[in-house]
Amino acid sequence: MADRANADISITIEDHHPKSFCIGGMYDETNHHITLYKEGIKEQCTQTFKSLDWFLKYAAVICAHELGHATDPMLQSLVHEYDSTENEHVRKQILHKIECNAWDFAQTILTDIHPQIIRDIRLQSLAMFN
């Protein structure tokens with residue numbers, strides 16, 4: 001997946017996030033590293049599709065999304081903008097922009113996954129912004 005994104009980045013897979021069961025992946029900007037969390041992806045997949053039949057495709061989508069963060073040229077400036085404001089409404093808009101940038105990128109490299117699957121996962125991910 002990193003090759004598709006033209007990203008020189010390390011990716012590891014762990015069983016679960018140490019603080020949350022339902023996190024599927026995380027990009028660490030400091031170390032330029034992505035960690036995918038199997039149990040979080042399983043939980044999200046079950047919530048979205050009511051089974052684990054789509055687990056591998058779901059994991060690929062989450063990985064592509066995290067690669068979207070890793071390759072986002074706007075990420076640092078958006079994070080700086082987020083850190084510089086205390087206005088919760090503005091902070092939520094910035095987070096939404098960060099997430100949408102990553103999802104837009106993910107769609108460009110997931111040409112072998114049906115667009116409806118990607119759309120369903122994206123909608124679930126962005127539901128907190130509605």
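Here the structure is a predicted model, which is why all the values come from computation and not from measurement. For the numbers below, each heavy atom of this structure counts, side chains included, while hydrogens, waters and symmetry mates do not. The residues of the chain are indexed from 1 along the displayed sequence.
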Taking atom [atom1] as the centre, does [X] end up with more than 12 heavy-atom neighbours from other residues, nucleotides or ligands that are less than 6.0 angstrom away?
{"X": "D8", "atom1": "CG", "answer": "no"}
{"X": "E86", "atom1": "CD", "answer": "no"}
{"X": "W103", "atom1": "CH2", "answer": "yes"}
{"X": "Q76", "atom1": "CD", "answer": "no"}

In sequence, state the C-alpha distance, the side-chain angles, and the governing distance for Q124 and D120, and then conclude on side chain to side chain donor-acceptor pair (under 3.5 Å).
-> CA-CA 6 Å; Q124 181 74 22; D120 289 349; over 6 Å; no
Which value, rounded to the nearest 0.5 Å, describes the distance between [X] atom [atom1] and [Y] atom [atom2]?
{"X": "F49", "Y": "Q44", "atom1": "CZ", "atom2": "CD", "value": "11.0 Å"}
{"X": "Q93", "Y": "E81", "atom1": "CD", "atom2": "CD", "value": "9.5 Å"}
{"X": "H96", "Y": "N101", "atom1": "NE2", "atom2": "CG", "value": "10.0 Å"}
{"X": "H16", "Y": "K38", "atom1": "NE2", "atom2": "NZ", "value": "11.0 Å"}
{"X": "I41", "Y": "I62", "atom1": "CD1", "atom2": "CD1", "value": "6.0 Å"}
{"X": "D72", "Y": "S77", "atom1": "CG", "atom2": "OG", "value": "8.0 Å"}

Residue list, ring-ring contact (aromatic ring centres under 6.0 Å, His included) with Y27, at least two apart or on another chain =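 With neighbours one apart ignored, the set is H32.
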Mind checking salt bridge (Lys or Arg N to Asp or Glu O under 4.0 Å) for K57 and listing every partner two or more places apart, or none if nothing turns up?
->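 None.
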Non-neighbouring partners of D3 that pass salt bridge (Lys or Arg N to Asp or Glu O under 4.0 Å), sequence neighbours left out =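 So D3 forms no salt bridge (Lys or Arg N to Asp or Glu O under 4.0 Å) with any residue.
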What heavy-atom pair brings [X] and [Y] nearest, and what distance separates the two atoms?
{"X": "K50", "Y": "Q47", "answer": "NZ-O, 2.9 Å"}
{"X": "H89", "Y": "N87", "answer": "N-OD1, 2.9 Å"}
{"X": "A5", "Y": "F105", "answer": "CB-CZ, 3.5 Å"}
{"X": "A106", "Y": "H65", "answer": "CB-N, 3.7 Å"}

For Y82, side chain to side chain contact (heavy atoms under 4.5 Å, CB included) partners two or more places apart |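 For Y82 the side chain to side chain contact (heavy atoms under 4.5 Å, CB included) partners, ignoring immediate neighbours, are R91, I94, L95.
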For K92, side chain to side chain contact (heavy atoms under 4.5 Å, CB included) partners two or more places apart |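 Side chain to side chain contact (heavy atoms under 4.5 Å, CB included) list for K92, sorted by chain: F129.
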Going hydrophobic residue to hydrophobic residue with side-chain gaps under 4.5 angstrom, can you get from L56 over to W54?
->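 Shared cluster, yes.
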Applying the 4.5 Å side-chain criterion to the ILVMFWY set and letting contacts propagate, would V61 and L123 be lumped into a single cluster?
->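 Different clusters.
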Is R122 paired with D104 through a side-chain N to carboxylate O contact shorter than 4.0 Å?
->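 Salt bridge present between D104 and R122.
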Qualifying residue for side-chain contact (heavy atoms from CB on, under 4.5 Å) with I9, from T71, D28, I34 =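 Single pass found, and it is I34.
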Heavy-atom distance under 4.5 Å between the side chains of I117 and L110, does that happen here?
->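 Answer no - side chains too far apart.
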Quick one: are E99 and H69 in side-chain contact, heavy atoms under 4.5 Å?
->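 Heavy-atom side-chain distance check passes, below 4.5 Å.
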Run through the side-chain heavy atoms of Ile, Leu, Val, Met, Phe, Trp and Tyr, join any pair under 4.5 Å, and report what else lands in M26's cluster.
->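 ILVMFWY cluster around M26 also holds I23, Y37.
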Within the distance-only criterion (no hydrogens, no angle test), does the side chain of S84 pair as donor or acceptor with the backbone N or O of H80 below 3.5 angstrom?
->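 Answer holds: yes.
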